Protein chains: 2
Amino acid sequence: METDERAAVVEEVVESIERSAEMYGLSRSAGRVYGVLHFAGEPLSIPELVERTGYAKSTISTVTRRLTRLGLIRRRSSGGGGKRVQFAAETELWFILQEVFQQYVHREISASQRTFDRALTRLQSLDDEDTEVEEARVEELRETYSTLETLLNASMEYSPSELADAIEQYDG
Amino acid sequence: METDERAAVVEEVVESIERSAEMYGLSRSAGRVYGVLHFAGEPLSIPELVERTGYAKSTISTVTRRLTRLGLIRRRSSGGGGKRVQFAAETELWFILQEVFQQYVHREISASQRTFDRALTRLQSLDDEDTEVEEARVEELRETYSTLETLLNASMEYSPSELADAIEQYDG
DNA sequence: CTGCTCGTTCGGATTGGACCGAACAGTCGG
DNA sequence: CCGACTGTTCGGTCCAATCCGAACGAGCAG
């Protein structure tokens, strides 16, 4: 039965997506839902996702909301005033990853930098204390994070092919 | 008492490091240990880390091993045949982050790509089945991951300033 | 209005990770 | 040899996140 073989192959890929999702800080169920939607030719409703993923209705509801907020899937109100909603996987995965990156990493980096800046000014205001060592340590952190932020900003402004081009040209 | 103010500032920065550590998939204790080591002028032994972080001896032992494996701190056998070991924070944080990145992200990406490649060949071997849709889906994933890997490889070959230069030049 | 289905939200069970304390092995000074 | 100290390992606890089932509100068909 080759149909089973095909299903097995798809299953393996979906499991790979599950692992990747965990690496991005998402849950296993989120990875599976995205994987199923990615391979489904059509948008799927929550009952359909329940059947195809094996997860409970409530889990699908929560997970789809999370994925929708992240932009990894798209929510469509199918039909006129109908209640039934449908979800489809976002195809431009790269740009989605960029956004996810921004929502999490960039936020944290900015917050850290603010902390570092504030710490530096507070240390510098303690003139009569010997705070050179601490100031140097904070400055190190600040520079590292600043570099990181610069790179992240650049990564978000350009498409992956543009970035690859930029690096290749620089190499030459 | 300005000394308290200084300690408070350092504490705040260390807490920021804790949060960043969590973002990198590390534990809170790992962030604190690294932070304390970063601000300590000298290498610290496990008992000293116990006292300064407030964590149990066993926790420090586990966490230092983890951080050492990741390359975020360096372990030194202080003295000749002595048992006492000491730890110091790695200063070239950027390069360390690159390595951590490689150890985790790159590994996962490579594994995923192997899965995708294998899935493609297996799908193509089922000639009598209609697997075009699945093949296209897997191909999409493969390309996205391939782009990601290219960028990561480039990011690991160059220093941050070089990367920033490359992007800036491309912009012009 | 009634029955059916859909989607959300809540409390509770389960699981995995973080952390601790105790026990253990090894080393040095006496 | 003995006692003090260091570092590792193991069993157990605690907590947060995941996931489920049940209850609820709402629309639609009849």
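As a basis for the values below, the full set of heavy atoms in this structure was taken, side chains included, without hydrogen atoms, waters or symmetry mates. In what follows, every chain begins at residue 1, and chains take the letters A, B, ... in the order their sequences are listed. Keep in mind it's a predicted model, so treat the numbers as computed, not measured.
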Output a table of nitrogen or oxygen pairs between the protein and nucleotides 20-23 of chain D separated by less than 3.5 Å.
residue : atom : partner : partner atom : Å
D:dC20  : OP2  : A:Ala56 : N            : 2.9
D:dC20  : OP2  : A:Thr59 : OG1          : 2.5
D:dG21  : N7   : A:Ser58 : OG           : 3.4
D:dG21  : O6   : A:Ser58 : OG           : 2.9

Residues of residues 40-48 of chain A with a heavy atom under 4.0 Å from any atom of DNA chain C, listed by number, are A:Ile46, A:Pro47
Separation of D:dT18 C1' from A:Arg66 CZ (nearest whole Å): 11 Å
Distance check needed: C:dA18 C1' versus B:Arg32 CZ, whole Å only. 15 Å
Side chains of B:Arg19 and A:Ser112, heavy atoms from C-beta outward: is any pair under 4.5 Å? no
Residues in residues 16-26 of chain B with a heavy atom under 4.0 Å of DNA chain D, by number, are none
Please give the angle, rounded to 10 degrees, between the axes at the start and the end of the helix from C:dC1-D:dG30 to C:dG30-D:dC1, where five pairs define each axis. 0°
Where at least one partner belongs to residues 116-153 of chain A, residue pairs that pass ring pair (Phe, Tyr, Trp, His ring centres under 6.0 Å), sequence neighbours excluded: A:Phe116-A:Tyr145
Can you list the residues that meet the side-chain contact (heavy atoms from CB on, under 4.5 Å) rule with [X], with sequence neighbours excluded?
| X | answer |
| --- | --- |
| B:Glu143 | B:Glu139 |
| A:Ser110 | A:His106, A:Arg114, A:Glu149 |
| A:Thr68 | A:Ile73, A:Arg75, A:Phe87 |
| A:Ser125 | none |

Sequence neighbours left out, what pairs pass salt bridge (Lys or Arg N to Asp or Glu O under 4.0 Å) with at least one residue falling in residues 102-111 of chain B? none
Which pairs with one or both residues in residues 61-70 of chain B pass salt bridge (Lys or Arg N to Asp or Glu O under 4.0 Å), sequence neighbours excluded? none
Ignoring backbone atoms, test whether [X] places a side-chain nitrogen or oxygen under 4.0 Å from the OP1 or OP2 oxygen of [N].
| X | N | value |
| --- | --- | --- |
| A:Ser61 | C:dG7 | no |
| A:Arg84 | D:dC28 | no |
| B:Arg65 | D:dT9 | yes |
| A:Ser29 | D:dC19 | yes |

Could you check whether B:Arg122 pairs with B:Glu135 (Lys NZ or Arg NE/NH1/NH2 to Asp/Glu carboxylate O, under 4.0 Å)? no
Name each donor-acceptor pair under 3.5 Å that joins a side chain in residues 38-48 of chain A to protein atoms two or more places apart or in another chain, with its distance.
residue : atom : partner  : partner atom : Å
A:His38 : NE2  : B:Arg137 : O            : 3.1
A:Ser45 : OG   : A:Glu48  : OE1          : 3.3
A:Glu48 : OE1  : A:Ser45  : N            : 2.7

Pair B:Thr53, B:Thr59 - check side chain to side chain contact (heavy atoms under 4.5 Å, CB included), show working. CA-CA 10 Å; B:Thr53 64; B:Thr59 303; over 6 Å; no
Do the side chain of B:Arg6 and the main chain of A:Asp130 share a donor and acceptor less than 3.5 angstrom apart? yes
Worked verdict on A:Lys57 versus A:Glu51 for salt bridge (charged side-chain N to carboxylate O under 4.0 Å, His left out): CA-CA 9 Å; A:Lys57 196 172 51 162; A:Glu51 198 212 337; over 6 Å; no
